[in-house]
Amino acid sequence: MINLNKRRKLKRRADKKSLAKENTVRFGQSKAERDLEQARADRDSRNLDGHKTE
């Protein structure tokens, strides 16, 4: 015998998980992309600070 409430909860969780995976693929960045973007921002910030005049 299957508890229908558990079955519904499991289905809802699976649906949410699949939607999250789709959104990650559609909108997300990989860790390497985030690290590269952060490194570029740090480099640009240091470069800009080096060119400031008092």
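The two atoms that bring N5 and N3 nearest to each other are N-OD1, 3.1 Å, heavy atoms only.
Counting only residues at least two apart or on different chains, the salt bridge (charged side-chain N to carboxylate O under 4.0 Å, His left out) pairs with a member in residues 8-19 are K11-D15.
Listed by chain and residue number, H51 satisfy the side chain to side chain donor-acceptor pair (under 3.5 Å) test with N47 (two or more places apart in sequence, or in another chain).
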Show me the donor-acceptor pairs within less than 3.5 Å that the side chains of residues 24-41 make with the rest of the protein, sequence neighbours left out.
residue : atom : partner : partner atom : Å
T24     : OG1  : A20     : O            : 2.8
S30     : OG   : E33     : N            : 3.2
E33     : OE1  : S30     : N            : 2.9
R34     : NH1  : Q29     : O            : 2.9
Q38     : NE2  : D42     : OD1          : 3.0

